Amino acid sequence: MGKVIGIDLGTTNSLVAWMTPQGPQIVPDNEGRALLPSCVAFDEQGKPQVGRLARQGAVAGPERTFFSFKRFMGRGLTEFAGELGYMPYPIEGDERTVRFPAGSKEYSPVQLSAMVLATLKRRAERYLGEFILNEAVITVPAYFNDAQRQATKDAGEMAGLDVLRILNEPTAAALAYGLDQRKTGTIAVYDLGGGTFDVSVLRLEGGVFQVLATAGDNQLGGDNIDDLLTAALLSETPELIQDRNWLNQVRNLAEAAKKDLSTQETVRVILDLPTGPLDRTIRREDFETLITPLVERTLKPCTQALQDAGLTPGDIDEVVLVGGSTRIPLVKRRVAELFGRTPHDELNPDEVVALGAAVQADVLAGGTRDVLLLDVTPLSLGIETLGGVMARLIDRNSTIPCQARETFTTAVDGQTGIEVHVLQGERELAQDNRSLERFTLKGFPPMPAGLPKVEVTFLIDANGILNVTAHELRSGVETTVEVRPSYGVVDAQVEQMLEDAFIHGEEDLQQRQRIEAQVEADRRLPKAEELLVEMQSQVPEADLIPFSTALTELQTSYAGGNYKAINAALEALEAAAQPLVELRMNQSVQQALQNTKLDEVLAKVEQARREGL
Ligand code: ADP
Ligand code: MG
């Protein structure tokens with residue numbers, strides 16, 4: 001039996017932690033260091049080196065030293081148009097991938113992340129001795145979408161880890177502070193790291209965290225502060241900026257000075273530059289003036305996140321500081337001022353996410369901490385719609401509790417009930433997914449097809465129990481059933497289902513599009529045929545030609561089964577029908593008008609008769 005480890009896979013630095021009887025603890029490397037720079041460099045032989053030496057440029061030149069690859073996880077290169085500033089290493093890719101060429105090979109962000117994870121795994125195994133550690137919790141930013149989370153999980157598996165849970169970084173930070181113990185509350189997590197800034201607003205209810213809002217700036221962090229200080233130090237010898245070697249040295253000094261200024265009032269920077277000796281004393285006060293604009297830039301996303309969550313600073317019960325850059329006193333002060341309360345800074349801000357991951361890991365390993373209800377849905381949930389297609393209401397990996405609602409209608413005139421078929425899985429077609437439940441909402445009055453409004457609500461409560469409610473809005477008829485979605489689906493099955501979805505993705509999608517086109521044609525063809533017959537008696541034949549041609553076109557493509565042709569024909573038919581529909585509408589309006597007139601007249605006649613005229 002092994003321990004479960006918690007890993008913070010950071011943009012700048014990564015860490016691994018585990019649970020001890022004294023609480024969660026960071027696992028240090030051989031030299032006692034906690035942070036592993038998330039940096040991979042490939043030497044002449046193409047051998048990867050991970051961490052500090054790679055970061056310091058000791059392994060290879062900048063074109064083979066990769067960092068900040070977390071930004072690319074689960075994304076395609078084309079998504080970055082314009083957003084990507086200058087990067088010292090080559091990047092290739094397309095809409096779906098990003099690749100880093102190094103020598104004769106290419107690496108994906110997932111592979112590079114896997115190297116970082118494998119290094120942490122080995123570190124933990126060495127430190128903890130007897131165990132083979134293969135189960136882990138890995139954290140990701142709260143805004144990570146499904147693809148980014150999946151990519152992180154893939155990286156873990158590539159590193160030989162069994163990823164038990166992908167956990168949100170802000171939630172991990174809150175766990176590290178034991179905030180789950182307070183059961184309810186609203187928490188703001190301010191995370192200023194090396195290259196990114198994130199703020200999240202969490203709602204804690206009954207021990208369950210829910211992300212209410214996230215905001216941030218993915219181009220703002222400690223690196224920008226280093227840039228500023230470097231520029232200030234080189235302000236009198238700007239020609240040195242061209243020399244990468246000197247620039248690097250000054251940058252390293254600047255970062256060290258910045259860190260010292262978090263605890264000291266002044267620092268002295270000394271370096272023998274080719275242009276003469278550099279010797280500057282920097283006072284904290286001046287440093288603060290320098291970086292004030294950067295710190296101010298973090299406040300707007302905070303306000304934004306509060307606004308998105310529908311809250312004001314006064315609604316926040318706890319503020320948590322995360323990220324190495326929150327060690328800066330000015331940052332702490334400004335955050336305290338904005339939220340009107342002292343933020344938590346008792347733990348090391350660059351360790352708190354990993355510590356929280358260890359807390360979650362311990363819970364999953366069956367540890368002693370009060371059961372913590374913190375979960376995500378392992379597979380998507382939805383219902384079957386026309387043509388056997390699955391309409392997804394809740395996406396896989398959504399944090400629970402969660403709720404989703406969508407409105408459906410009937411396909412046949414006079415229908416007084418609707419069958420709700422609840423499904424779980426990632427495939428496009430209902431038959432390929434797992435059927436969880438079927439029930440019928442019945443007893444609403446007969447109406448023409450398309451008129452009933454059946455609102456289906458999925459609610460997953462904190463225990464992972466799904467409640468499905470179907471509610472016909474016009475009549476008020478409602479039915480609720482309780483479903484247990486993950487019950488009975490073991491991990492291997494989840495994996496199999498995901499794999500199937502992955503393998504069949506393309507063909508599923510085509511099949512879905514074909515079915516959707518056919519369902520639409522099924523619906524429209526009889527109506528169009530009816531319209532044609534009706535109009536034949538009212539419109540000169542020549543005027544009907546465009547419409548009848550379009551109709552024939554649809555009939556032919558429908559028989560052919562090509563969804564693109566069907567969709568094109570549907571569109572053409574719609575355009576050709578427009579004038580006829582308008583004509584019919586005008587006629588029926590007139591008829592209706594005439595009818596009311598008739599009724600009015602009739603009523604008057606009747607009244608007159610009663611009055612005895
Ligand atoms: P990430 O979450 O992006 O991986 P970290 O949370 O490890 O990053 O933060 C790294 C950043 O924190 C770097 O820019 C580093 O210079 C900065 N940092 C670390 N310690 C201090 C300190 N004492 N004072 C100011 N900044 C610091
Ligand atoms: Mg971080």
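As the structure is a prediction and not an experimental result, all values here were calculated from the model. Both counts, for ligands and for their atoms, begin at 1 and track the order of listing.
- Nearest heavy-atom pair across T281 and R268 is OG1-CG, 3.8 Å.
- Expressed to the nearest 0.5 Å, how far CG of L179 lies from CD1 of I187 amounts to 4.5 Å.
- Under the rule for a salt bridge (charged side-chain N to carboxylate O under 4.0 Å, His left out), the partners of E337 that lie at least two apart in sequence or sit in another chain are R334.
- Taking R327 as the reference, D350 meet the salt bridge (charged side-chain N to carboxylate O under 4.0 Å, His left out) condition, with sequence neighbours excluded.
- Side chains of T312 and D315: a donor on one and an acceptor on the other come within 3.5 Å.
- The side chain to side chain donor-acceptor pair (under 3.5 Å) search around R71 returns none, not counting sequence neighbours.
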Please tabulate protein-ligand N/O pairs under 3.5 Å for ligand 1, atom names and distances to 0.1 Å.
residue, atom, partner, partner atom, Å
ligand 1, 3 (O), T12, OG1, 2.8
ligand 1, 3 (O), G194, N, 3.1
ligand 1, 4 (O), T11, N, 3.4
ligand 1, 4 (O), T12, N, 2.8
ligand 1, 4 (O), N13, N, 2.8
ligand 1, 4 (O), N13, O, 3.4
ligand 1, 6 (O), G324, N, 3.0
ligand 1, 7 (O), N13, ND2, 2.8
ligand 1, 8 (O), G194, N, 3.4
ligand 1, 9 (O), G324, N, 3.2
ligand 1, 12 (O), S325, N, 3.3
ligand 1, 14 (O), K258, NZ, 3.3
ligand 1, 16 (O), E255, OE2, 2.6
ligand 1, 16 (O), K258, NZ, 2.6
ligand 1, 24 (N), S262, OG, 2.7

